[in-house]
There are 2 protein chains.
Amino acid sequence: MTTALHETAEAQACCAPLVAAPISPADADALARTLKALADPARLRLLSLVAAHDGGEACVCDLTDPVGLSQPTVSHHLKVLVDAGLLTRDKRGVWAYYALVPDTLDSVAAALGTQLRS
Amino acid sequence: MTTALHETAEAQACCAPLVAAPISPADADALARTLKALADPARLRLLSLVAAHDGGEACVCDLTDPVGLSQPTVSHHLKVLVDAGLLTRDKRGVWAYYALVPDTLDSVAAALGTQLRS
DNA sequence: TGTCGATATTGACGCTCGTCGATGTCTGGG
DNA sequence: CCCAGACATCGACGAGCGTCAATATCGACA
């Protein structure tokens with residue numbers, strides 16, 4: 001409960017393509033919050049590692065070494081990504097498995113892209 | 001070439017779709033730098049205002065009021081966006097006209113999207 | 001030349017963020 | 001019942017960011 005109140009998965013980062021019409025302050029804030037979660041090299045690598053891992057999921061122990069950060073730091077980054085609705089957390093036994101939420105990433109991409117696709 | 005070469009417009013934020021294969025540390029850093037420039041409500045609104053403005057360009061005086069920030073702050077944000085290769089600056093007479101660089105935004109969207117198109 | 005207006009730069013402030021070590025909290029096994 | 005291991009939380013530190021007021025710069029015009 002550090003700050004935010006956007007606990008888990010609000011999915012829709014925004015709406016219109018951003019370049020079509022002026023974005024509303026509220027939408028800008030929501031989109032910026034999701035982008036802030038993405039705007040970190042370690043978190044981008046974690047997201048990529050999780051997505052590319054076997055079965056589309058990975059536990060913390062799979063991620064600590066590749067990114068070269070301490071376990072608390074990796075857990076912190078993963079929490080940020082989960083809170084932003086970019087990852088899901090599934091605790092099975094002793095391990096916590098993280099998996100990608102493709103919709104969130106796609107909605108961000110759609111909000112940024114200028115050439116809209118069907 | 002390890003650091004500090006993002007002076008003006010390096011356009012390509014990254015390359016592969018991020019979810020296909022683990023992103024390299026260097027690519028993660030480059031993409032994160034572009035995303036950091038985007039991850040601010042004021043800058044998103046400025047970007048949107050510029051893109052939606054008549055002729056696809058706008059000067060600082062057109063932007064100060066809509067975003068509700070002081071002129072130095074707006075100039076600062078615009079500089080950040082220009083340095084990230086997201087906007088171009090064209091000084092004509094006393095006014096400075098900013099315009100969108102669509103390629104950069106599209107390459108970011110392409111790097112984030114999971115459903116790749118042609 | 002001198003003034004005015006548009007924009008950029010500077011310096012400073014408070015706040016947020018990324019990182020770590022230390023510690024807490026669970027779960028499974030002996 | 002207690003230990004070992006996986007993960008989360010806490011507290012702290014330094015760095016970076018967003019914002020503003022004050023000031024500098026630069027072009028147009030009288």
Side-chain angles (χ1 to χ4, degrees), chain A residues 1-8 25 28-29 32-47 49-50 53 57-84 87-99, chain B residues 3-4 6-8 25 28-29 31-47 49-50 53 57-84 87-99:
Chain A
M1 51 163 58
T2 49
T3 49
L5 61 163
H6 65 309
E7 272 314 312
T8 40
D29 220 78
R33 241 180 299 131
T34 305
L35 285 171
K36 262 186 215 298
L38 285 170
D40 182 272
R43 286 197 286 268
L44 286 176
R45 298 184 63 193
L46 287 171
L47 213 64
L49 284 167
V50 167
H53 202 264
E57 61 178 14
C59 59
V60 180
C61 58
D62 294 327
L63 303 168
T64 298
D65 276 8
V67 296
L69 293 174
S70 71
Q71 173 266 317
T73 301
V74 172
S75 271
H76 162 66
H77 284 313
L78 290 172
K79 176 175 172 48
V80 171
L81 290 170
V82 169
D83 287 350
L87 288 182
T88 59
R89 193 180 95 108
D90 179 28
K91 184 142 196 175
R92 294 201 297 271
V94 182
W95 294 277
Y97 291 92
Y98 290 85
Chain B
T3 53
H6 71 308
E7 269 311 311
T8 40
D29 219 78
L31 182 54
R33 241 179 300 133
T34 304
L35 285 171
K36 262 186 215 299
L38 285 170
D40 183 272
R43 287 197 286 269
L44 286 176
R45 297 184 62 193
L46 287 172
L47 213 63
L49 284 168
V50 167
H53 202 263
E57 61 178 13
C59 59
V60 180
C61 57
D62 294 326
L63 303 169
T64 298
D65 275 8
V67 297
L69 292 174
S70 70
Q71 174 266 318
T73 301
V74 172
S75 270
H76 163 66
H77 283 312
L78 290 172
K79 176 176 171 52
V80 171
L81 291 171
V82 169
D83 288 349
L87 287 182
T88 58
R89 193 181 96 108
D90 180 29
K91 185 142 195 175
R92 294 200 298 271
V94 182
W95 293 277
Y97 290 91
Y98 290 85

Novice: For A:R89 and A:K79, indicate whether the former's side chain and the latter's backbone hold a donor-acceptor pair under 3.5 Å.
Specialist: no
Novice: Does B:Y98 have a side-chain nitrogen or oxygen under 4.0 Å from the phosphate oxygens OP1 or OP2 of C:dA8?
Specialist: yes
Novice: How long is the straight-line distance from CG of A:D40 back to CG of A:L35, given to the nearest 0.5 Å?
Specialist: 13.0 Å
Novice: Can you see which heavy atom on B:A37 is nearest to which on B:R43, and at what distance?
Specialist: O-NE, 2.7 Å
Novice: Could you check how far CH2 of A:W95 sits from C1' of C:dT25, rounded to whole Å?
Specialist: 17 Å
Novice: Whole angstrom is fine here: how far is it from CG in B:L81 over to P in D:dC17?
Specialist: 14 Å
Novice: Going by heavy atoms in the side chains, are A:L87 and A:L46 under 4.5 Å from each other?
Specialist: no
Novice: Okay, side chain of B:D83, backbone of B:V80: is any donor-acceptor separation there less than 3.5 Å?
Specialist: no
Novice: Are A:H77 and A:T73 packed together at the side-chain level, in the sense that at least one heavy-atom pair is separated by less than 4.5 angstrom?
Specialist: yes
Novice: Rounded to whole angstrom units, what separation is found between the CG atom of B:D83 and the C1' atom of D:dG16?
Specialist: 16 Å
Novice: For A:R45 and C:dG18, give me the distance from atom CZ to atom C1', rounded to whole Å.
Specialist: 15 Å
Novice: Name the nucleic acid region contacted by A:Y97, choosing base, sugar-phosphate or nothing; use a 4.0 angstrom heavy-atom cut-off, strictly under.
Specialist: nothing
Novice: Nearest nucleotide by nearest heavy atom, which residue falls closer to the 5' end of DNA chain D, A:K36 or A:C61?
Specialist: A:C61
Novice: Quick one: does any side-chain atom of A:R92 pair with a main-chain N or O of A:Y97 as donor and acceptor, under 3.5 Å?
Specialist: no
Novice: Is B:R43 close enough to D:dG18 that one of its side-chain N or O atoms is under 4.0 Å from OP1 or OP2 there?
Specialist: yes
Novice: Output a table of nitrogen or oxygen pairs between the protein and nucleotides 26-29 of chain C separated by less than 3.5 Å.
Specialist:
none

Novice: Round to the nearest Å and state the distance from B:E57 atom CD to C:dT7 atom P.
Specialist: 12 Å
Novice: What are the two closest heavy atoms between A:V60 and A:Q71, and how far apart are they?
Specialist: CG1-CG, 4.3 Å
Novice: Which pairs, protein N/O on one side and nucleotides 19-21 of chain C N/O on the other, fall under 3.5 Å?
Specialist:
residue : atom : partner : partner atom : Å
C:dT19  : OP2  : A:H77   : NE2          : 2.3
C:dC20  : OP2  : A:S70   : N            : 3.1
C:dC20  : OP2  : A:S70   : OG           : 3.1
C:dC20  : OP2  : A:T73   : OG1          : 2.9

Novice: Take atom CZ of A:R89 and atom P of D:dA6, then tell me their distance rounded to the nearest Å.
Specialist: 16 Å
Novice: Taking atom P of C:dC17 as reference, at what distance in whole Å does atom CG of A:L38 sit?
Specialist: 14 Å
Novice: What's the CG-P distance between A:L63 and D:dA8, to the nearest Å?
Specialist: 11 Å
Novice: Would you say A:R45's side chain and A:P66's backbone share a donor-acceptor pair under 3.5 angstrom?
Specialist: yes
